[in-house]
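Here is the structure we will look at, set down as structure tokens.
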Number of protein chains: 2
Amino acid sequence: MTVSTMEAPAGKLIRPRVRLSVAQSLAQDIFSGKFAEGSNLPRENDLCEEYGVSRTVIREALKILQAKGLVVSRPRIGTIVCPQDEWNILDNQVLEWIGPNLDRMGLVDCILEARGAIEPMAAELAARRATMQEIADIEAAWQAMAKAGNDVEAFIAADTVFHELLLKASHNRIFQQFGALMDPALNFMLSTSAHSAENLEESIGQHGALVEALRLRDSEGARKLALALIAKAKHDVSAARSVKP
Amino acid sequence: MTVSTMEAPAGKLIRPRVRLSVAQSLAQDIFSGKFAEGSNLPRENDLCEEYGVSRTVIREALKILQAKGLVVSRPRIGTIVCPQDEWNILDNQVLEWIGPNLDRMGLVDCILEARGAIEPMAAELAARRATMQEIADIEAAWQAMAKAGNDVEAFIAADTVFHELLLKASHNRIFQQFGALMDPALNFMLSTSAHSAENLEESIGQHGALVEALRLRDSEGARKLALALIAKAKHDVSAARSVKP
DNA sequence: ATAGCATTATTTATCATACAAATGCAATTG
DNA sequence: CAATTGCATTTGTATGATAAATAATGCTAT
């Protein structure tokens with residue numbers, strides 16, 4: 001497959017910026033299993049032909065994958081896929097690239113479990129540390145959820161923002177990073193789980209209660225409500241799985 | 001500063017593999033504050049002269065930093081340092097590079113807080129899911145701690161392995177990744193906190209109790225003991241701070 | 001004068017090519 | 001048979017040229 005070229009107004013062929021496209025394509029081939037862990041990627045020169053770009057681009061793309069722990073390169077040996085343990089799955093770009101393979105790789109359950117540990121603590125901290133502005137922003141996200149109505153896409157987007165803001169309001173940079181990182185994962189999970197009308201209603205109610213706890217600086221209440229949110233998320237995901245596995 | 005060269009047996013000048021060295025050097029200059037967030041790095045050509053390497057190497061090093069969210073590059077603008085929010089601090093290489101600046105950046109407290117959320121949950125899961133072999137390995141690490149005696153270095157190494165194995169035994173890839181990631185941070189924190197004789201004794205006792213809980217599949221006990229370990233770590237760190245701030 | 005537009009200058013992005021270094025593999029040699 | 005030497009292959013680095021993007025500048029027209 002060669003990289004697409006675009007027609008400029010004057011009719012000149014323009015080559016789009018391609019480094020990231022190549023990196024993404026290679027990464028997705030890894031996550032899809034096309035390149036199994038431990039196996040060799042094609043030689044750099046072969047990749048040049050495959051993608052129709054210079055070796056410079058191929059190498060810089062491979063450097064990106066190396067930086068994320070997906071591959072290692074050595075002279076004469078070639079570039080080989082690292083064991084999964086070494087993949088930097090706490091990198092949001094990596095999570096984006098994994099995308100539809102999240103569940104197949106067993107990461108959805110991992111993520112829900114991890115959120116179960118992190119979000120309650122983050123909510124507790126947010127109840128103590130969040131500024132009035134941050135609480136107001138979270139409430140705005142909640143209102144966006146409530147106002148989404150049947151627009152599932154808008155609901156998901158608002159829900160994602162809600163959790164990201166909550167983690168940021170914990171004023172802990174680790175949790176905050178985790179929030180940005182959960183973005184693609186959340187989108188994927190939410191988009192695949194069931195969305196009945198009463199389901200959305202219940203979710204909106206829970207989120208609202210959490211906002212209220214933040215306002216009251218009720219850290220214990222916030223913790224419990226965050227825990228309940230995760231429990232509901234787990235339930236939704238397993239329900240969605242039983243419908244269409 | 002030019003990259004050092006080595007004298008080969010025959011007297012030929014050999015250039016060591018330098019990409020990573022350059023990336024590390026630039027990253028450390030960022031974390032030390034030499035390149036403030038939002039400011040420009042030198043032009044690629046200037047960096048070539050500074051490090052005495054070709055533009056190829058400079059660019060591939062910058063690609064690594066880009067992949068970790070430390071900088072962004074755009075034509076005509078140059079390469080600028082990203083805001084700290086975007087730094088990929090959940091990358092163990094980044095954490096290594098931060099090294100001595102961990103505390104100055106306020107990350108030690110963040111990490112302790114995050115561990116407070118994660119390790120109890122991980123211990124709980126490990127009590128349910130760990131294989132006999134994994135428990136044995138954890139116990140071996142504990143024995144190494146006990147046998148370290150006054151060798152603080154060995155004690156720290158064993159302690160690090162203990163926590164890494166514990167997180168791995170949770171059979172959750174997120175937690176596992178977090179363990180590998182904590183490695184450099186743990187080393188730094190442990191090496192800077194107080195190490196009196198009775199302190200070590202108490203720590204060894206707590207870790208031993210946790211191993212026992214794992215053996216008994218006592219998830220609730222494991223959770224509480226992990227929590228106590230973190231509390232002790234927090235205490236040690238603040239004690240070390242009050243001694244030599 | 002000023003808002004909008006074309007030009008320019010500067011910097012990164014890509015291409016192309018050549019050579020250096022590392023290393024698996026085979027031939028060679030003691 | 002073992003050790004070493006040389007060869008072949010692949011990534012690593014160097015170099016120089018061209019393309020694309022865009023801030024800054026200057027120009028034009030209103």
Side-chain angles (χ1 to χ4, degrees), chain A residues 2-26 35 38-67 70-82, chain B residues 1-26 35 38-67 69-82:
Chain A
T2 63
V3 170
S4 67
T5 52
M6 296 189 306
E7 196 79 12
K12 237 181 353 181
L13 279 183
I14 287 190
R15 200 178 297 274
R17 291 286 178 270
V18 286
R19 230 181 325 140
L20 250 166
S21 318
V22 173
Q24 169 169 344
S25 175
L26 289 173
F35 299 132
S39 70
N40 275 265
L41 263 61
R43 295 169 43 234
E44 290 178 354
N45 283 324
D46 291 342
L47 288 174
C48 292
E49 291 193 4
E50 218 174 303
Y51 284 94
V53 296
S54 74
R55 199 174 150 220
T56 307
V57 169
I58 294 294
R59 280 185 60 78
E60 293 189 355
L62 288 176
K63 291 297 154 298
I64 296 176
L65 300 191
Q66 284 180 35
L70 301 183
V71 300
V72 289
S73 298
R74 290 169 64 200
R76 161 81 211 205
I77 308 299
T79 302
I80 60 184
V81 180
C82 293
Chain B
M1 178 189 67
T2 63
V3 170
S4 67
T5 52
M6 297 189 307
E7 196 80 12
K12 235 181 355 181
L13 280 183
I14 288 190
R15 199 179 298 276
R17 289 286 179 269
V18 285
R19 231 181 320 135
L20 251 167
S21 317
V22 173
Q24 170 169 343
S25 175
L26 289 171
F35 300 132
S39 70
N40 274 266
L41 264 59
R43 295 169 42 232
E44 290 179 354
N45 283 324
D46 291 341
L47 289 174
C48 292
E49 292 192 4
E50 220 174 301
Y51 285 94
V53 296
S54 75
R55 201 171 148 226
T56 308
V57 169
I58 295 294
R59 280 186 60 77
E60 293 190 353
L62 289 176
K63 290 299 155 296
I64 295 175
L65 300 190
Q66 285 180 37
L70 300 183
V71 300
V72 289
S73 298
R74 292 169 62 198
R76 162 81 209 204
I77 308 299
T79 301
I80 61 184
V81 180
C82 292

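Sequence lines set the chain letters: A, B, ... in the order given, protein chains first and strands last, and positions in each chain run from 1.
Whole-Å rounding puts the A:I77 CD1 to C:dA22 P distance at 13 Å. As a whole-Å value, the separation of A:R55 CZ from C:dT17 P is 13 Å. Between A:Y51 atom OH and C:dC15 atom P there is a gap of 14 Å when expressed in whole angstrom units. One can place CG of B:N45 at 11 Å from C1' of D:dG16, the figure rounded to the nearest angstrom. Between B:I58 atom CD1 and D:dG16 atom C1' there is a gap of 17 Å when expressed in whole angstrom units. Rounded to whole angstrom, the span from the CD atom of A:E44 across to the C1' atom of D:dT13 amounts to 12 Å. Rounded to an integer number of Å, the gap from A:E49 CD to C:dC15 C1' is 15 Å.
Note that CG of B:L20 is 12.0 Å distant from OG of B:S25, once rounded to the nearest 0.5 Å.
Pairing each heavy atom of B:A61 with each of B:A23, the nearest pair is CB-N, 3.8 Å. Heavy atoms only, all atoms of each residue included: B:E44 and B:I58 are closest at O-CG2, 4.1 Å. The two atoms that bring A:N40 and A:I77 nearest to each other are OD1-O, 3.1 Å, heavy atoms only.
In this structure, A:S54 reaches the C:dC15 phosphate: one of its side-chain N or O atoms is under 4.0 Å from OP1 or OP2. For C:dT11, the OP1/OP2 oxygens have no side-chain nitrogen or oxygen of B:R74 closer than 4.0 Å.
Remark: the B:T56 side chain and the D:dA14 base include a donor-acceptor N/O pair separated by less than 3.5 Å.
A 4.5 Å side-chain heavy-atom check between A:T79 and A:L65 finds every atom pair outside the cut-off. Looking at B:E60 and B:T56, their side chains come closer than 4.5 Å, going by heavy atoms from C-beta outward. At least one side-chain heavy atom of A:Q66 sits less than 4.5 Å from a side-chain heavy atom of B:R19. Considering only heavy atoms from C-beta on, B:L26 comes within 4.5 Å of B:Y51 through its side chain.
Listed by chain and residue number, nothing satisfies the salt bridge (charged side-chain N to carboxylate O under 4.0 Å, His left out) test with B:R74 (two or more places apart in sequence, or in another chain).
Within residues 59-66 of chain A, no residue is approached by DNA chain C to less than 4.0 Å at the level of any non-hydrogen atom.
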Can you give me the N/O atom pairs linking the protein to nucleotides 3-9 of chain D at distances under 3.5 Å, or say none if there are none?
unit_1	atom_1	unit_2	atom_2	d
D:dA8	N3	A:R76	NH1	3.3

